[in-house]
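Scroll down for the structure; my scribbles are underneath it.
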2 protein chains.
Amino acid sequence: MTLRIPLLLTAEIVPFAICTERLAVLLVQQATTWRLPGGPVGGEEDLDAAARRHLAEQTGLGEIYLEQLYTFGEPNRDSGQRAVAVAYYALVRAGFSLADAVPAIAETRWVAVDDMPVLALDHAAIVTLARRRLAAKLAYSTIALQLMPECFTLSQLQAVHEIILGELLDKRNFRKRILALDCIEATGEMARQYGHRPARLFRAKRPGQVDFIK
Amino acid sequence: MTLRIPLLLTAEIVPFAICTERLAVLLVQQATTWRLPGGPVGGEEDLDAAARRHLAEQTGLGEIYLEQLYTFGEPNRDSGQRAVAVAYYALVRAGFSLADAVPAIAETRWVAVDDMPVLALDHAAIVTLARRRLAAKLAYSTIALQLMPECFTLSQLQAVHEIILGELLDKRNFRKRILALDCIEATGEMARQYGHRPARLFRAKRPGQVDFIK
DNA sequence: TTGCAATAGTGTAAAAACAACACTAATATA
DNA sequence: TATATTAGTGTTGTTTTTACACTATTGCAA
């Protein structure tokens, strides 16, 4: 029972954001291949902390929503060595700025989930699972708010839902449903867009929190 | 990146069944304390396989529904050593027989979830999370069928739902809903109970499979 | 043999949730 | 001042969900 097996335990993160109207993942380049940000869990480090640390070190992203996804431990997932990966996904608010954060120590790029290059190890499977989970959670939680900037319009929120679900939603029904959840409130400000009627701005009532609904 | 940290990786399982009208967990006695079945993951062993192996070795349970729940890795969850636990939950069909299976190598006991004794490490938290997940899954999957014997009556299935949810359900509405899912079919046989009208027996249409619904 | 106790089995109506649908409002620019 | 563009708003029909009560079949006991 107290046997310590030699293995590599890593945390891997799927950082999602909406980029140019598409759901995108932040990838890290290692030599010639792309992989998810992540790396070994420290000897005295919490799993979540390891995920946050690697994400910050490799991409500059901090202070974002993070949720454990699944643990991958097939003996052959990393050729040669025994590696177990605790996978997470993270949600990055639109309007985030990598530049604001700690400089990344790796080459990174946002890539649309539908245009993923070949990824290291089983990272493609991790992305696929994360994407399914995110889409499923839209239906029964307020998780989409974690992808929004502090202030946003209802049209922007609807676009985020549509992009993740891959289908168009009815504007009136969407607004009715979201407002009934009582998870956002009008700021009183208007978005100063150009060429058309300005939109009311909203903010999350409980910004850090993801509520279950229904 | 290739650092191998010394740590104990275990698989821990929460085996659920309905015992005497209550949701129960199969516990294993170790010295004077109770714990979940489980133990170290082998050096070349898949995580799921490790969970199944320990469950079989320690309790005699095999061939049952198993699903990964969450990975617990707080540095101090096991005093002294660094231990990471990949937690699973398992569903045991009513009418199962431990005696049929391989003899268990440990003292085991089914304990109602509402009467749990003090458990080793963070196993109480694992049970709590597993219980929440199971209850949530009732709403959007056919997972309850994994707790049923091959043939069962609708009243029995309803009782299982009621026990897990902790609330009574309307008989007619329950039947309508379950039958509409098209996940069970009548066997044509009747349950030979005594003292009242016999009930029709049903079986799962796809016994091994858990379908998502709605 | 008849009555009682116990669980099985069945339908309808009201309420709530969801889905479909089209026009007016406010702004920037040409 | 006309046009293009997006914001914003209610109603109606359909579907889903909920609430609800009686008859049927059996074993057992009187």
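Every chain is numbered from 1 and lettered A, B, ... according to where its sequence line falls, protein lines coming before strand lines. Owing to the predicted nature of the structure, the values given are computational and were not obtained by experimental measurement.
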Donor-acceptor pair under 3.5 Å, A:K176 side chain vs D:dT11 base:
yes
Is any side-chain N or O of B:R172 under 3.5 Å from a base N or O of D:dC20, one able to act as donor and the other as acceptor?
yes
What pairs of residues pass the salt bridge (charged side-chain N to carboxylate O under 4.0 Å, His left out) test when at least one of them lies in residues 133-145 of chain B, not counting sequence neighbours?
B:E67-B:R133, B:E67-B:K137
Tell me whether B:Q209 contacts the main-chain N or O of B:R206 through its side chain, where contact means a donor paired with an acceptor under 3.5 Å.
no
Is it true that atom CD of B:E21 has more than 12 heavy atoms of other residues, nucleotides or ligands lying nearer than 6.0 Å?
no
As a test of understanding, state which of B:I164, B:I64, B:V113 forms a side-chain contact (heavy atoms from CB on, under 4.5 Å) with B:F16.
B:V113
Could you tell me how far apart [X] ([atom1]) and [N] ([atom2]) are, to the nearest whole angstrom?
| X | N | atom1 | atom2 | value |
| --- | --- | --- | --- | --- |
| A:F174 | D:dT6 | CZ | P | 17 Å |
| A:Q156 | D:dT6 | CD | P | 13 Å |
| B:D170 | C:dT7 | CG | C1' | 16 Å |
| B:L169 | D:dT17 | CG | C1' | 13 Å |
| B:I178 | C:dA8 | CD1 | C1' | 17 Å |
| B:Y140 | D:dT16 | OH | C1' | 21 Å |

Interface with DNA chain D, restricted to residues 184-200 of chain A and to heavy atoms under 4.0 Å
A:G195, A:H196, A:R197, A:P198, A:A199, A:R200
Phosphate OP1/OP2 of C:dT10: any B:R175 side-chain N/O under 4.0 Å:
no
Does a donor on one side chain and an acceptor on the other come within less than 3.5 Å for B:T10 and B:E12?
yes
Is it the case that A:R53 and A:Q58 place a side-chain donor and acceptor less than 3.5 Å from each other?
no
Closest of D:dA19, C:dA8, C:dA19 to the B:S155 side chain is C:dA8
Side-chain contact check for A:N173: nearest option of C:dA19, D:dG8, C:dT10 is C:dA19
Which sits closer to the 5' end of DNA chain C, A:K171 or B:L201, going by the nucleotide each is nearest to?
B:L201
In terms of side-chain geometry, is the basic nitrogen of B:R131 or B:D114 positioned less than 4.0 Å from the acidic oxygen of its partner?
yes
